Amino acid sequence: MSSAALPSVLRIASWNVNSVRLRLPHLERLIRAQDPDVICLQETKVIDVLFPAGVLADWGYPYQALSGMKSYNGVAILSRWPLEDVQRVSWCGRDDCRHVSARVAFAGSPQGSVEVHCLYVPAGGDIPDPEVNPKFAHKLAFLREVEQWFLACRGYHDAMVLTGDFNVAPLPSDVWDHKKMSRVITHTPVEILHLQRLQDSVRWIDSARTFVPPSEPLFTWWSYRQQGDAWQTSNRGRRLDHLWITEPLAAAQAGFEVVRDARGWEPPSDHAPVVLTLRTP
DNA sequence: ATGGTAGATCCTCTA
């Protein structure tokens, strides 16, 4: 492929849909509103043979990298452009469908393509002590393994995107109440440290925070456990969904958005999509 | 201090 044929703009969306089959009309709405080139999904909750592949191909996404299982987890990358080197990765010795990656062409990358990683980090249960809560121990081990993999197998010169539901809100402004949330899983110091180590592995750039200052509250998730539109009025949110890039793509960052409206699309996912625009400098 | 809701599914688990 000559460089003239490569796409000069790449819009990448990520969304924890909490059941892709239930959220199909929402996906159509997101596509109409945002026109992404690549869509990363988490919590698809469906085996690959039952994934709504035909409908999404009809809507413009014939290239699909799927890693799904029954009832739980499940990730997918959908693309307008061909996907190469699709990898389904397992962590902590579990085939639990939390990571899929693929390469997509992009003129703004020094390598002519971007390696996109779609990740769903374990939530970690309720008790923030790995000694008594195996789910939290699993979450920390998972973050550690992903960190070690990027350290060993990739470098900061590789043009990459790491996006998905990381289930960690790292900054004080990523939660509605930093002090209260510091004892609540998603915002405990030990998780934040593990996420920071993963971020350091290949010097990931937190793209959202290059557009929204770290001092400003920014959320992508609001609990279901509130009545009606209380999620909106009380705004007790967290930033659990992230879109990270490596340095070779830094100059291509052209825009970022949390599609907050989508949290109100009935029946909603508890997560809102995030969208990054990369434009060839 | 507690429980609040949602989704898939085997009637409980995970979030």
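Remember, predicted model here, so these are calculated numbers, not experimental data.
B:dT9 and B:dT5 are spaced 22 Å apart, taking the P atom of each and rounding to whole Å. Between B:dA1 and B:dT12, the two P atoms lie 28 Å apart (nearest whole Å). Taking atom C1' in both B:dG3 and B:dA15, one finds a spacing of 15 Å when rounded to whole Å. Taking atom P on both B:dC10 and B:dT14, the two are 14 Å apart, rounded to the nearest angstrom. Comparing B:dC11 with B:dG7, their C1' atoms sit 15 Å apart, to the nearest whole Å.
Look at CD on A:Glu266: it is 12 Å from C1' on B:dA6, rounded to the nearest Å. Here B:dT2 presents its C1' atom at 15 Å from CZ of A:Arg183, a figure rounded to the nearest Å. Spacing between atom NE2 of A:His26 and atom P of B:dA6 amounts to 12 Å, rounded to whole angstrom units. A:Trp221 places its CH2 atom 14 Å from the P atom of B:dT5, with the value rounded to the nearest Å.
Ring-plane geometry between A:Trp244 and A:Trp204 is classed as tilted, the angle between the planes lying from 30 to 60 degrees on a 0 to 90 degree scale.
Minimum heavy-atom separation, A:Ala102 to A:Ile77: N-CD1, 3.9 Å.
Side-chain atoms of A:Arg239 and A:Thr220 form no donor-acceptor pair, as typed in the model, at a separation below 3.5 Å.
In terms of position along DNA chain B, the nucleotide closest to A:Gln226 lies nearer the 5' end than the nucleotide closest to the other residue of the pair A:Gln226 and A:Arg21.
Residues A:Trp15, A:Val17, A:Val20, A:Leu24, A:Leu27, A:Leu30, A:Ile31, A:Ile39, A:Leu41, A:Val46, A:Ile47, A:Val49, A:Leu50, A:Phe51, A:Val55, A:Leu56, A:Trp59, A:Tyr61, A:Leu78, A:Val259, A:Trp265, A:Val275 make up the rest of the hydrophobic cluster containing A:Leu66, defined by ILVMFWY side-chain heavy atoms closer than 4.5 Å, directly or through other members.
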Nucleotides 10-15 of chain B: protein proximity per nucleotide (B base, S sugar-phosphate only, - neither; heavy atom, under 4.0 Å): S--BSB
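Taking the side chain as every heavy atom from C-beta outward, A:Leu140 and A:Glu191 approach each other to under 4.5 Å.
For the side chain to side chain donor-acceptor pair (under 3.5 Å) criterion with A:Tyr120, the lone passing option out of A:Gln42, A:Arg98, A:Glu43 is A:Glu43.
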